[in-house]
Every structure is written in C-alpha cells, then in structure tokens.
Amino acid sequence: MKTYNFSAGPGVLPQEVITQIKQEFEKNEFNQMSIVEISHRSKQFQTIVADAEKKLRTLMQIPDEYAVVFLQGGGSTQFEMIPLNFATDHRHIALLDSGNFAAKAAEAANALGRKVTVLSSTKNQHYQSLPLEPQAFDSNAYDYLHIVTNNTIEGTTFHQSNLPKTNGRLVADMSSNILAEPYDVTDFDAIFAGGQKNLGPAGVTVAIIKKSWLAEQNLTGVGPMMRYQNHIDKQSMYNTSPVFAIYALNLVLDWVIQQGGVTEMYRRNLEKSQRLYTYLDQSDFYSAPVAQSERSLTNIVFTTGDLKRDEAIAKRATEAGLFNLNGHRSVGGFRASLYNAQSIAAVDALITFLKKAEQEA
Ligand SMILES: *Cc1c(COP(=O)(O)O)cnc(C)c1O
C-alpha cells in the first residue's frame, strides 16, 4: 500500500534525499567513516557548512549584510536567543499574538525579564485569523516586533503581501514556511527557523541575522552559547555542530535547487494547497475556518465540526495509509501538512479519502 505522511514536524523529506543518505552511509565516503563519525572541524564538514550557507543565500537571496548560522536547540531556543541578543535597549518587545508559537515566544521573553506588549491578538477567536496591525504603533518604543510568518498549528500565514508594516526592527519565526513561499529577506532584521518542518531533520536551526543590528548590541550577562556573534565568528562550529542535521539539510537544499528553487516550491505549494482548499470549500461536510487571504500553504487546518468524528476519520485515514492527519492536540480536527517535499499525489489521495469518508457519513 502506498502511504503518505502529513506530519507537521518533523515532516516529510524528499525521497531522493533519504535514498542518498542511505547510499552515502553505506559507502562511508570519508575514508570508511561516515559524516557522523568525523570531526565537525574536519575539512569535509567545513565544506558542507559552507555549501549549505551558500545555497541558502542563493535560494532566499540573502544579501551579504546578513549572517547565516546553523544552531541547535530548535525554534524554542531562538525564543530566548533573540531577546537576549536584541531586546537590550528598551528591553521591550512588541508582538503580534497569532498563535501558540507567538504566545510561547512571549512567555520566553518574559521569563528573561523582557517586557512584552501584545499589540494585537486573536487568541479569543482561537487564532483562526491573523491579528490586525494596531493603528498607532510607536515602533521606537520597542526593540523589535516579533511575528510568526506561518502559524503551524492554526494554519494562518502572513504572506509577503500581508506582512505587518513597521518602521522599527522586524523579527520573524519562519519555522514552518521557510523556502515554501517567497519572502524578501531585507524586510526583516532577523529570521529563524527550526529545521524539521521544511529544511531537513530535527537538530538544526537556521538564523539569518542583520550584521549591523548585531554590531549595535552591547551585551552583558549573556553566556557564550547564547551569543549569535560567537556562532557567526566560528562559521557555525563554535561548539560541536549538529553534523548529521546540517549534512541532511545541505542535501535538501540541493534538492530544492534542482527542483527549481523557491519559485517552483511556491508554485507547487499553491497548487497543492489550493486543490485541497477548493475541495474543502465546496464540501458541505468539511470546512476550513481560515479566510482565504490568510490561509497557510503548508499547514491546512479543517474539521467536520465534530471533533470526535474528526478523530474517528483520521484513524481510518491511518488505516488507508494516510498518516498524521490529526490536528495539534490543543485544537483537534484535521491538519494536513503540505511541506515542500509533499507530493501532489499525496494531496489527491487525501481528497479521494475525504470524499469517501463524506459519502459514508
Ligand atoms: C515547530 C515550531 C517551533 C518550535 O520548534 P522546536 O524546534 O520544537 O523548538 C517554533 N515556531 C514555529 C512556527 C514552529 O512551527
């Protein structure tokens, strides 16, 4: 039986990359040693890091004024590193509370003694829409504005066309839609993304940091591992790098380039998500709660309106080879994650299954 994986993270990787990893581990490329058995300071690994950085710069058109680093600790550690490195002047952050991961970032900044002002929140609408930009927003009063471009759990997205406008600094958590749709890097002062949604396996986190902003910081009481500058100075080898995760990420970047880059990923993601949304919208049985202009291309959230029934259908989906369709435990319903490596065939198989479940209901 052909199976499909709709996991929200760690998510599906290109089959070609999985095959390549298997083959390279069998071959034991580096003098009978695999990549996970050699020093992170070896020439071989240094080349992999340099290649990965170069490819990411090309794919996202990252200018030289930005540093690119590969870190550990996931998106959640960035919830702490960002305020430690950048909420240093006013020690005050503005935030758009668009979902669970925005709320978690606020919580982490608070725990570090930073003041967080939620400019706008859609929490009482269960985050089914994006928070509006407040009219009178004095960006000078804050060190930066924190946003989450794609709300992985709730299925809403600030696309490039509906990014909030600010004269101040803008920080974006792109963990679940980096390389899935185009963004203009120069609109941001810092971007971060955990690897396991759209870049590779868990264990590596990408940070893209405007160098001039970092240079302005006068950090006190910040430990060495929490300082971006240390990781930048050592080309992501400040301490032992997550060698396997970076190695695999480098292969995924090759794959994205071979497929046609972000432009082609975006085209495919639009096609995949629109196919599913179109089906859901015409159905009387399922509904997708998010308004069209805010809909995520990578995490499609929907429900029959009866969470128990949703759960039963998701269970039947598993038996039919369609895995991990349950919504996040905090919201229930369905969530189909359609990251870059997800095929159009997976979406068609899902729609066929959903139709059948509708007919049988
Ligand atoms: C998954 C995710 C995170 C958390 O990532 P971890 O690697 O589990 O720390 C943060 N932000 C967003 C938008 C995510 O999707």
Side-chain angles (χ1 to χ4, degrees), residues 5-13 69-84 93 95-112 116 121-123 127-128 130-131 144-160 163-164 170-181 183 188 190-208 225-226 241-242 244-246 248-249 252 269 273 290 294-301 324 326-331 335-342:
N5 173 18
F6 296 92
S7 171
V12 64
L13 289 175
V69 272
F70 302 105
L71 306 165
Q72 301 203 42
S76 303
T77 301
Q78 296 307 298
F79 296 166
E80 302 189 21
M81 275 182 92
I82 291 278
L84 284 171
I93 299 164
L95 182 132
L96 289 178
D97 181 26
S98 56
N100 175 72
F101 287 117
K104 283 206 162 129
E107 205 179 297
N110 267 320
L112 293 165
V116 178
S121 172
T122 44
K123 184 169 185 195
Y127 296 124
Q128 285 179 352
L130 290 171
Y144 58 86
L145 170 63
H146 178 108
I147 63 162
V148 180
T149 51
N150 183 72
N151 297 285
T152 322
I153 294 172
E154 300 85 359
T156 59
T157 304
F158 288 106
H159 301 291
Q160 175 67 39
L163 282 178
L170 183 61
V171 171
D173 176 356
M174 285 194 190
S175 293
S176 51
N177 75 339
I178 190 168
L179 299 186
E181 59 184 283
Y183 284 101
F188 305 90
I191 295 168
F192 65 86
Q196 70 273 23
K197 313 277 166 64
N198 215 20
L199 290 173
V204 61
T205 303
V206 170
I208 302 164
M225 275 297 284
M226 288 288 119
S241 318
F244 176 77
I246 294 176
L249 172 143
V252 172
N269 293 336
S273 58
V290 177
E294 301 184 343
R295 281 178 173 174
S296 172
L297 309 185
T298 47
N299 306 99
I300 286 70
V301 169
N324 301 314
N326 292 87
H328 188 265
R329 61 190 183 282
S330 63
V331 293
R335 173 175 50 173
S337 294
L338 309 180
Y339 296 124
N340 285 350
Q342 192 67 279

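Values below: every heavy atom of this structure, side chains too, minus hydrogens, waters and symmetry copies. For ligands, and for the atoms within them, numbers begin at 1 and follow the listed sequence. This one's a predicted model, so the numbers in the text were calculated from it and none came from an experiment.
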Exercise. Quick one: side chain to side chain contact (heavy atoms under 4.5 Å, CB included) partners of Gln342, sequence neighbours excluded?
Worked result: Phe6, Val12, Lys272, Leu338, Ala346
Exercise. Can you tell me if Tyr339 uses its side chain to pair, donor with acceptor, with the backbone of Ala8 under 3.5 Å?
Worked result: yes
Exercise. Do Leu163 and Ile147 have side chains that get closer than 4.5 Å, going by heavy atoms?
Worked result: yes
For this session: Walk me through it: do Thr77 and Met226 pass the test side chain to side chain contact (heavy atoms under 4.5 Å, CB included)?
Result: CA-CA 9 Å; Thr77 301; Met226 288 288 119; 3.9 Å; yes
Exercise. Of the options Asn198, Asn177, Asn340, which is the one that meets Asn269 in a side-chain hydrogen bond (donor to acceptor under 3.5 Å, both in side chains)?
Worked result: Asn340
Exercise. Which parts of the protein, at residue level, reach under 4.0 Å of ligand 1 through a heavy atom?
Worked result: Gly74, Gly75, Ser76, Phe79, Phe101, Val148, Asn150, Thr152, Asp173, Ser175, Ser176, Gln196, Lys197
For this session: Identify the two heavy atoms, one from Pro10 and one from Ala202, that lie closest to each other, and give their separation to 0.1 Å.
Result: CG-CB, 4.3 Å
